[in-house]
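So the structure is just underneath, and the comments pick up after that.
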Amino acid sequence: MVSQDLLKQPLLSPKNSMPNDSKKTPLFQSPRGMRDLLEADFYAMQGLFERAQEIATYYGFSPIATPLIEYEEIFTRTSGESSDIVTKEMYHIKTKGEDKLALRPEGTAPIMRAYIEHGMRSMPQPVLLYYGGPFFRHDKPQKGRYRQLHQFGIEALGTQKSIADALIIKTILAILHEAGAENFFVDVNTIGDKESRIAYTKALTSFYKKHAHNLPREDQERLEKNPLRILDSKHEITKEINEQAPDNMNFLNASSKKHFKEVLESLEEMGVHYRLNKQLVRGLDYYSHTVFEVINYDPSEEHEGLALGGGGRYDYLASAMGYPQDIPGVGAGLGMDRIIESSWYKRLTPRLIKKPKFYLIQLGFEAKLKTLNILEILRKAKCPVYQTLSKDRLSVQLALAEKMNVPYVLIFGQREALDGTVIVRSMKTRKQECVRVTELAKYIKTLK
Ligand code: HAM
């Protein structure tokens, strides 16, 4: 039974959020970077999922669940050979067969795989889908960064229209607002189409080559593999160099410029405040055109925090996967762990949760045997109760009922078990009534 006291407990205490990094792995500890969600966290996560699901439904999205495991090529071909996800973070699965499988590090490529597999091309376009659940990245665990993370994602597949980009951003912002977020930045940028990306990459390569001797090793490697990612560098020296980097807007062809202009206009029309962040490129290679991130901002500490979500358009993802045609799409993923850990999170309560109004006291063996029938009657009447199977004394159970702050107790002792009755006692007035078990469901509906 749900303990409301537990619902009030602090979320994700450091102990359960970040297991120790000891050399010896104690058997009674979850794997590093992964954690159990106990009652309060479980409900916090479920409450967020349900609200996100409700909002996504209002915006026209339908649910989809894909396996936690996919062929690893789904990710290696799309996220990028040099991306962190592929080079360091993917969990590869060893099986007795030859299949090369991986735990899913992200959700977009599997959704595109499912869209193609189930012939969603022939459905009215765009197909709007939402999903939620765990993803796996073997990253260095720290606050807000887990190896098993939870995302709520939305995708609009089969449309090139810029309004879809704006709809995705608007939907994730609506979810964040309902979850209690007030202070965040919406960073937006464009990578343009293939032609624009090639032209910009060429310009960046020749620019960075001139500064190669000053670049840290990591960024020198990026220069070889994916110069765009240098814009995203965390190294101070690179950040300084980046201030002089060529401006991406100068390399957009006319159609890419038009698409981005329309996205920005739609955002303005919807009243979304955004920042143009020309250095936002995101860590996954499949993006084209619009990219965006929602960055948490803590006004008390005056610093920008972690990304609460991010996404963008991925018009070439299907062909990167080996599909003979391009399938346009745009989507976003929200980091659910980061949301439920934020001080502003409203702790949305799942719909299932009802605070019990009754404590069922059972006295003696005969009564305990028949208690299951009473619980069944109460369940059918949609009436949750607190109870304890292990206590026998009336005073102990009354004290527990008092602690749970329930307005009524149901007392079921030897005599009641023989008579087929239950005593319903008000904890406030101490008045009690003897009710036939067969009348119990009807009677409790009359109580406030
Ligand atoms: P992503 O930016 O890699 O995008 O992840 C989306 C969000 O998941 C991040 O903004 C962050 O809040 C959360 N997140 C990522 N890694 C971790 C982690 N290790 N621990 C906790 N939270 C994390 C994607 O995954 C894309 N599939 C999003 C997308 C959908 N793009 C288009 N459609």
Side-chain angles (χ1 to χ4, degrees), residues 12 17-18 32-35 45 48 52 56 61 64 66 70 74-75 78-80 83-86 88-91 103-115 126 128-157 164-165 167-169 171-173 175-176 179 181 184-187 191 229 232 280-296 304-318 327-342 345:
L12 300 176
S17 63
M18 205 57 68
R32 191 159 127 76
M34 303 191 182
R35 70 209 194 286
M45 190 73 91
L48 174 62
F61 292 83
I64 183 167
T66 60
E70 295 274 351
I74 294 276
F75 307 108
T78 57
S79 294
S83 65
D84 289 349
I85 278 190
V86 169
K88 334 183 246 209
E89 296 172 5
M90 206 143 73
Y91 281 88
L103 286 182
R104 61 182 190 183
E106 66 95 36
T108 309
I111 297 290
M112 182 60 90
R113 194 261 312 134
Y115 172 91
L128 304 180
L129 298 170
Y130 75 80
Y131 54 93
F135 293 85
F136 303 87
R137 296 181 185 181
H138 193 267
D139 200 353
K140 197 167 166 242
Q142 47 188 276
K143 194 176 166 2
R145 182 164 303 147
Y146 296 101
R147 288 182 173 173
Q148 179 175 325
L149 57 127
H150 299 82
Q151 275 188 19
F152 183 85
I154 49 174
E155 313 287 347
L157 299 113
D165 309 33
L167 173 85
I168 292 287
I169 298 178
T171 309
I172 63 159
L173 294 184
I175 296 170
L176 284 170
F184 51 75
F185 294 109
V186 184
D187 280 8
I191 291 172
R229 287 294 314 280
D232 207 19
L280 179 68
V281 287
R282 312 239 326 120
L284 297 153
D285 275 9
Y286 54 60
Y287 292 112
S288 54
H289 292 287
T290 323
V291 283
F292 54 86
E293 248 167 28
V294 184
I295 315 285
N296 201 18
E304 292 182 22
L306 294 164
L308 298 171
R313 183 162 272 288
Y314 44 84
D315 292 351
Y316 310 114
L317 186 144
I327 301 173
V330 56
L334 277 175
M336 297 173 79
D337 310 86
R338 294 182 183 178
I339 296 173
I340 69 164
E341 280 169 39
S342 296
Y345 177 53

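All residue numbers in this chain count up from 1 along the given sequence. Remember, it's 1-based here, ligands and their atoms both numbered in the order they're listed. Quick caveat, the model's predicted, so the values are computed rather than measured.
Which parts of ligand 1 touch A307 is read off a 4.0 Å heavy-atom cut-off, strictly below it: atoms 10 (O), 11 (C), 12 (O). For ligand 1 and G309, the ligand atoms under 4.0 Å from any heavy atom of the residue are 10 (O), 12 (O). For ligand 1 and T108, the ligand atoms under 4.0 Å from any heavy atom of the residue are 26 (C), 27 (N), 29 (C), 30 (C), 31 (N), 32 (C), 33 (N). Numbered from 1 in the order shown, with element, the atoms of ligand 1 that lie under 4.0 Å from a heavy atom of G310 read 10 (O), 28 (C), 29 (C). Against a heavy-atom cut-off of under 4.0 Å, Y287 is close to the following atoms of ligand 1: 26 (C), 28 (C), 29 (C), 31 (N), 32 (C).
Residues meeting the salt bridge (Lys or Arg N to Asp or Glu O under 4.0 Å) test with K140, sequence neighbours left out: none. For R113, the salt bridge (Lys or Arg N to Asp or Glu O under 4.0 Å) criterion is met by E70, E117, not counting sequence neighbours.
Between atom CG of residue L157 and atom CD1 of residue I327 there is a gap of 8.0 Å, rounded to the nearest 0.5 Å. Distance CE/M112 to CD1/I74: 11.0 Å, rounded to 0.5 Å.
Looking at atom 27 (N) of ligand 1, its nearest protein heavy atom turns out to be E106 OE1, 2.7 Å. When only non-hydrogen protein atoms are considered, atom 19 (N) of ligand 1 lies nearest to Y146 O, 2.9 Å. Nearest protein heavy-atom neighbour of atom 21 (C) of ligand 1: G144 O, 3.1 Å. In terms of protein heavy-atom proximity, atom 16 (N) of ligand 1 is nearest to R137 NH1, 3.2 Å. Summary of contacts: the protein heavy atom closest to atom 4 (O) of ligand 1 is R282 NH2, 2.9 Å. Looking only at protein heavy atoms, the nearest one to atom 13 (C) of ligand 1 is G335 CA, 3.6 Å. When hydrogens are left out, the protein atom nearest atom 33 (N) of ligand 1 is E155 OE1, 2.9 Å; that is the closest non-hydrogen contact.
Annotation: E293 places no N or O atom under 3.5 Å from an N or O atom of ligand 1; distance criterion only. The shortest N or O to N or O distance between A332 and ligand 1 is under 3.5 Å.
Residues M45 and D337 have side chains in contact (heavy-atom distance under 4.5 Å, counting atoms from C-beta outward). Y131 has its side chain out of reach of T66: every pair of non-hydrogen atoms, C-beta onward, lies at least 4.5 Å apart. In this structure the side chain of D165 never reaches within 4.5 angstrom of the side chain of F292, judged on heavy atoms.
At a heavy-atom cutoff of 4.0 Å, ligand 1 is contacted by both the backbone and the side chain of R145. For R147, no heavy-atom contact with ligand 1 is shorter than 4.0 Å. For Y286, every heavy-atom contact with ligand 1 shorter than 4.0 Å involves the side chain, none the backbone. Residue contacts with ligand 1, taken as heavy atom pairs separated by less than 4.0 Å, involve L308 solely via the backbone atoms N, CA, C and O. When non-hydrogen atoms are compared, ligand 1 lies under 4.0 Å from neither the backbone nor the side chain of F135.
For the residue pair Y314 and T108, no side-chain donor N or O sits within less than 3.5 Å of a side-chain acceptor on the partner.
Between Y130 and F152, the two ring planes are parallel [angle under 30°; tilted spans 30° to 60°].
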